[in-house]
Amino acid sequence: MSAPERVGVIGGGRMGAGIAQVLLGVGTTVHLVEAGDAAAAAARARVADGLEEAARRGKLDGGVDDALARLHMVDSPALLPADTGLVVEAVPEQVSVKLQVLRAAEEALGPDAVLATNTSSLSLTELAAALDRPARFVGMHFFNPVPASKLVEVVVAPETAPDVVETARAWTRRLGKTDVVVRDSPGFASSRLGVLLGLEAIRMLEEGVADAEAIDTAMELGYRHPMGPLRSTDLVGLDVRLAIAEYLTGTLGERFAPPQLLRDKVAAGELGRKSGRGFHTYS
Ligand code: NAI
């Protein structure tokens, strides 16, 4: 049997741990980068929990121990093995942090390696400009929670090479997900539409058009959305949505201006599911 392929994941938070988990689930060897022992232990635990959950649901072939044996924690992207074919970065949404890890990974890897970013809003064109091999750089925008979601937006910057786009699409399909190819532009396809709908729902709540439950139910039952726009904002995090809305206001215009109610809730620490309360309450 040939050795499993190597994939690197940088950042093992909510998204990175999920990405590592689904890669392990298809037999890949994963090098997961987290800086420091405590962060590494927490990331490994997140991946292990996810694998156990998948196993309980009968969605993991080969067992948790086998998958975990292929997970290697590393301290820095500079320590990724040179023969790693694909690296997906999922560090916090800040240009400086992203560039630091992408450049370090680029130095460690061979010239044909594909570097992917899981950014949900940053300009790939801007990130690519700071890289030595912009042709090898592409967006792979996963959705939360990664194991359950079916979509990856493959985001193509002007200099991304066609074979790199195909590599990202092939990995997406191998993970059992559907790819959509989107030109690099603010908010890509999903956030641009999803955020706008969420903001309008918040404005409706401000205007007293209906309560949160009614607004969500209107879209869930009326338009067959699996989750209404306010519940979806709660899942993503109100702080995350606010930051994206501010960015989209700057790039696409005033129609993305965050409503005051969103700002007030973030200021009050009502961040959605993760804080127990957003537009709905969670136990
Ligand atoms: P998170 O905060 O849960 O995870 C970030 C992880 O990166 C943390 O574990 C942190 O310790 C680690 N990290 C920070 N600096 C690092 C460094 N220099 N080297 C290695 N690891 C480092 O964030 P989350 O939610 O996982 O988001 C990550 C990325 O995914 C962001 O770009 C975000 O925009 C994007 N994204 C998030 C979605 C979401 O629903 N949370 C959905 C789709 C994309």
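As the structure lists them, so they are numbered: ligands from 1, and atoms in each ligand from 1.
Note: no N/O pair closer than 3.5 Å links H141 and ligand 1 by distance alone. For ligand 1, the polar-atom distance check finds an N/O of M15 within less than 3.5 Å of one of the ligand's N/O atoms. At a 3.5 angstrom cut-off on N or O pairs, Q100 does not count as close to ligand 1.
The aromatic rings of H280 and Y282 sit perpendicular to each other, their planes meeting at more than 60°, with 30° as the lower class boundary.
The protein heavy-atom contact nearest to atom 22 (C) of ligand 1 is V91 CG1, 3.7 Å.
Contact annotation: P92 has at least one heavy atom less than 4.0 Å from an atom of ligand 1. Using a 4.0 angstrom heavy-atom cutoff, V101 counts as in contact with ligand 1. Using 4.0 Å as the threshold, K98 has a heavy atom nearer than that to some atom of ligand 1. Heavy-atom separations between F143 and ligand 1 are all 4.0 Å or longer. Using a 4.0 Å heavy-atom cutoff, R46 is listed among the residues neighbouring ligand 1.
Remark: the backbone N or O of T125 is paired with a side-chain donor or acceptor of D184 at under 3.5 angstrom. Judged by distance alone, with hydrogens and angles left aside, the side-chain atoms of R103 form a donor-acceptor pair with the main-chain N or O of A130 at under 3.5 Å.
The closest side-chain heavy-atom distance from V180 to F188 is not below 4.5 Å.
For atom 34 (O) of ligand 1, a protein heavy-atom neighbour is found at a distance under 4.0 Å. Of the protein's heavy atoms, none falls inside 4.0 Å of atom 2 (O) of ligand 1.
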